[in-house]
Amino acid sequence: MEALESLKEINESVCPNDGFLDQLKLFEEMGFKIDTSSPLYRRFRLKLLGQSYKVGEKIGNHVFEDDPGVARQPNPNQELSGKEKTLKTAYRCKKCRRIVAAQDNVIGHTPGEGNSSFAWHDKRKGHTHNKEQDCSSLYVEPLKWMTPVEDGALEGKLSCIHCGARLGYFNWSGIQCNCGSWITPAFQISKSKVDVSTI
């Protein structure tokens, strides 16, 4: 941002678009390096994916994250480092115990973020959102097991690919979390439908 201010001193008409400024801010927040595993980067990527869907672009399976319930083949040429041996949190379908998401797939959000935009609606209906309350859902990246998402639906149910148990809901236009935060696009898994384990 300092560089932008320096440019504006030289030429007042310098005005990069908002998207570029958002990317610069993200780059700064990530410590001036691109870290594709960063939660900030993953949230930004999901936001871009939602914008692409909104303008009518076909979202291909190649942008979906790998199915965490499918075991990956280890690479024999690569030795496991101590970092790779650490246990990771996984979310399993309560009915059949299949892994449906890993902690790396979860997109965090700030409780109550964006809630002020819906204050008129909440007052009219008498709803209140408690920012201190734990969220009742997980919001994840689109995963390869989510067949209705892959088929191009705008919204629908998310069911376990193994047993068919209903796990949650998705909506490219967004879903409001019980904490008040608006998540767009939203791939919601109800915490009451999954068990937490380690892999």
Side-chain angles (χ1 to χ4, degrees), residues 22 25-26 29-30 35-54 57 59-70 88-95 98-118 121-122 127-162 165-199:
D22 288 346
K25 184 179 177 189
L26 175 67
E29 289 172 353
M30 290 193 308
D35 179 7
T36 57
S37 64
S38 162
L40 294 170
Y41 179 83
R42 288 176 173 270
R43 191 170 183 188
F44 177 75
R45 188 177 153 266
L46 186 60
K47 181 181 172 186
L48 291 180
L49 193 60
Q51 290 170 346
S52 296
Y53 186 89
K54 192 175 183 180
E57 289 182 26
I59 307 298
N61 188 318
H62 67 280
V63 298
F64 289 19
E65 290 298 315
D66 289 335
D67 183 345
V70 176
K88 293 183 180 180
T89 301
Y91 301 93
R92 296 177 179 272
C93 171
K94 272 194 175 177
K95 187 174 179 184
R98 183 191 194 277
I99 296 174
V100 294
Q103 185 60 42
D104 293 345
N105 304 122
V106 175
I107 302 294
H109 63 278
T110 305
E113 183 179 58
N115 194 33
S116 60
S117 302
F118 298 94
H121 186 281
D122 291 342
H127 291 202
T128 57
H129 297 284
N130 184 354
K131 292 179 189 176
E132 309 300 314
Q133 178 182 4
D134 284 340
C135 299
S136 61
S137 299
L138 299 166
Y139 295 89
V140 297
E141 301 166 297
L143 300 165
K144 290 189 176 168
W145 62 263
M146 299 176 176
T147 50
V149 178
E150 187 181 346
D151 292 343
L154 172 65
E155 61 181 313
K157 297 174 186 175
L158 290 176
S159 300
C160 176
I161 195 163
H162 185 256
R166 182 166 177 197
L167 300 174
Y169 194 75
F170 75 94
N171 191 324
W172 283 96
S173 298
I175 296 172
Q176 190 172 26
C177 183
N178 68 304
C179 73
S181 189
W182 189 258
I183 316 297
T184 306
F187 305 90
Q188 174 194 53
I189 295 176
S190 176
K191 287 181 180 177
S192 65
K193 303 289 185 181
V194 293
D195 287 323
V196 180
S197 68
T198 54
I199 51 173

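All values below were derived from every heavy atom in this structure, side-chain atoms included, with hydrogens, water molecules and symmetry-related copies excluded.
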| request: Quick one: pull up OG in Ser137 and CD1 in Ile183 and give me the separation to the nearest 0.5 Å. | output: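 One finds 9.5 Å between OG of Ser137 and CD1 of Ile183.
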
| Roughly how far, to the nearest 0.5 Å, is SG of Cys93 from CD1 of Ile189? |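 Interatomic distance, Ile189 CD1 to Cys93 SG, rounded to 0.5 Å: 10.0 Å.
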
Nearest heavy-atom neighbours spanning [X] and [Y]:
X	Y	answer
Pro68	Asn105	CG-OD1, 3.8 Å
Asn171	Glu155	ND2-OE1, 3.4 Å
Arg166	Lys193	O-CD, 3.4 Å
Lys94	Val194	CE-O, 3.5 Å
Lys157	Pro148	O-CG, 3.6 Å

Salt bridge (charged side-chain N to carboxylate O under 4.0 Å, His left out) against [X], all qualifying residues, sequence neighbours excluded:
X	answer
Lys144	Asp66
Arg45	Glu65, Glu141
Asp104	Lys88
Arg92	none

| Ignoring hydrogens and geometry, is there a side-chain-to-backbone donor-acceptor pair from Trp145 to Val100 under 3.5 Å? |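 Indeed, once roles are kept as given, a pair shorter than 3.5 Å links the two residues.
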
| Between the side chain of Asp151 and the main-chain N/O of Ala153, is any donor-acceptor distance below 3.5 Å? |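 Checked: no pair found.
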
Do the side chains of [Y] and [X] get nearer than 4.5 Å, heavy atoms only?
X	Y	result
Met146	Val140	yes
Pro142	Val63	no
Leu46	Pro185	yes
Leu40	Phe44	no
Thr36	Tyr41	yes
Lys47	Thr184	no
Arg42	Ile107	yes
Asp67	Arg98	yes

| field | Set of residues satisfying side-chain hydrogen bond (donor to acceptor under 3.5 Å, both in side chains) with respect to Ser190, sequence neighbours excluded | value |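 Here the qualifying residues are Ser192.
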
| field | Contacts of type side-chain hydrogen bond (donor to acceptor under 3.5 Å, both in side chains), residue Gln51, not counting sequence neighbours | value |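 With sequence neighbours excluded, Gln51 shows a side-chain hydrogen bond (donor to acceptor under 3.5 Å, both in side chains) to no residue whatsoever.
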
| task | Give a yes or no on whether His109 atom NE2 has more than 12 heavy-atom contacts from other residues, nucleotides or ligands under 6.0 Å away. | result |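 Correct, the count exceeds 12.
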
| message | Applying side chain to side chain contact (heavy atoms under 4.5 Å, CB included) to Val196 and Tyr91, what does each step give before you reach the verdict? | response | CA-CA 5 Å; Val196 180; Tyr91 301 93; 3.7 Å; yes

| request: Test Cys160 against Lys95 for side chain to side chain contact (heavy atoms under 4.5 Å, CB included), laying out the working first. | output: CA-CA 9 Å; Cys160 176; Lys95 187 174 179 184; over 6 Å; no

| field | Verdict with supporting geometry, Val149 and Leu158, side chain to side chain contact (heavy atoms under 4.5 Å, CB included) | value | CA-CA 9 Å; Val149 178; Leu158 290 176; 4.1 Å; yes

| request: Please name the residue in the list Tyr139, Tyr53, Tyr169, Trp172 that meets the ring-ring contact (aromatic ring centres under 6.0 Å, His included) test with Phe187. | output: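 The ring-ring contact (aromatic ring centres under 6.0 Å, His included) with Phe187 is passed solely by Trp172 among Tyr139, Tyr53, Tyr169, Trp172.
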
